[in-house]
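In what follows, a structure is listed as structure tokens, so that the remarks can point back to it.
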Amino acid sequence: MTIALPKGRIAEDVLAIFKKIFNEDFEFENRKLILKKAGFTFLNVRNWDVATYVQKQAADIGVVGYDVITELNSDVLELMDLGLGECRVSVAGIKGDESYKSKTRIKVATKLQNIAKKYFSKKGIPIEIIKLNGSIELSPLVGLSDVIVDIVQTGGTLKENGMEEKEVIMHSSARVIANKNSFSTNKKEILDLIAKIGQVHGA
Ligand code: PRP
């Protein structure tokens, strides 16, 4: 079975879960992108690419944030909430500044364009999306946008930059996802693994 993991903290946490299940060390060596162990092949991919690997069946299952699968509208099965990497997707802006609410068209900086569009369109509020790839919090500070739609985890980045969460759009955490074909072919194997993860991790 091939498992796509998002680089960084979540991958480490998931490999620690496998260590508990199989009583063996699971670790990507140096800069290796593939780890083969105990009948599994783990792929070390970027967070945003996990859903693509799984949807296209380059991996049978994967671990990815609910925010990412929502933004990409991925055609995959969602099997389990691992409760790791908990965060919110929120509208945020400069502390105490509510002026965006009276604008006829709000300038929204984000990398989560679809989530932002859907949220404001449901409220009937016209927006202009400014697509950024990172350090989104900077944009209202220099007048590039009125607000941002971004991930808030500890709230530290907002606080350090004189900003605040204005509206919570959704809650997110890491989910185990599966390719639909892989799941129908290897249902028992995948469900057994999910059950084992549940036993040692208990999310
Ligand atoms: C994410 C997110 C926020 C920050 C939130 O950025 O975009 O900037 O984490 O975390 P906090 O609430 O704990 O401060 P990331 O570190 O992934 O980098 P990025 O700016 O490149 O998106």
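Ligands are counted one by one from 1 in listed order, and the atoms in each one are counted from 1 as well. Everything quoted here is computed from the prediction, not taken from an experiment.
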State whether any protein heavy atom lies less than 4.0 Å from atom 7 (O) of ligand 1. yes
Please write down residue, atom name and distance for the protein heavy atom closest to [atom].
| atom | result |
| --- | --- |
| atom 3 (C) of ligand 1 | Glu137 OE2, 3.1 Å |
| atom 14 (O) of ligand 1 | Thr157 OG1, 2.5 Å |
| atom 21 (O) of ligand 1 | Gly134 CA, 3.6 Å |
| atom 18 (O) of ligand 1 | Lys111 NZ, 4.7 Å |
| atom 9 (O) of ligand 1 | Ile151 O, 4.6 Å |
| atom 13 (O) of ligand 1 | Thr154 OG1, 2.5 Å |

When rounded to the nearest 0.5 angstrom, what is the spacing between NZ in Lys32 and CD in Glu27? 12.5 Å
Within this structure, what is the CG-CH2 distance for the pair Asp67 and Trp48, rounded to the nearest 0.5 Å?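 Going from the CG atom of Asp67 to the CH2 atom of Trp48 covers 6.5 Å.
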Should the pair Lys196-Asp192 be classified as a salt bridge under the 4.0 Å nitrogen-to-oxygen rule? no
Asp97 side-chain N/O to Ser99 backbone N/O, donor-acceptor pair under 3.5 Å: yes
Taking only non-hydrogen atoms of Val152, do any sit less than 4.0 angstrom from ligand 1? yes
Are any of the N/O atoms on Asn133, whether in the backbone or the side chain, positioned under 3.5 angstrom from an N/O atom of ligand 1? no
Among Ser135, Cys87, Gly156, Gly155, the residue with a heavy atom nearest to atom 19 (P) of ligand 1 is Ser135
Under the side chain to side chain contact (heavy atoms under 4.5 Å, CB included) test against Met80, which residue among Ile177, Ile194, Val63 passes?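 It is Ile194; the other options fail the test.
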Measuring centre to centre across the rings, with the benzene-like ring taken for any Trp, is Phe26 within less than 6.0 Å of Phe40? no
Crowded around Gln57 CD? As in, over 12 foreign heavy atoms under 6.0 Å? yes
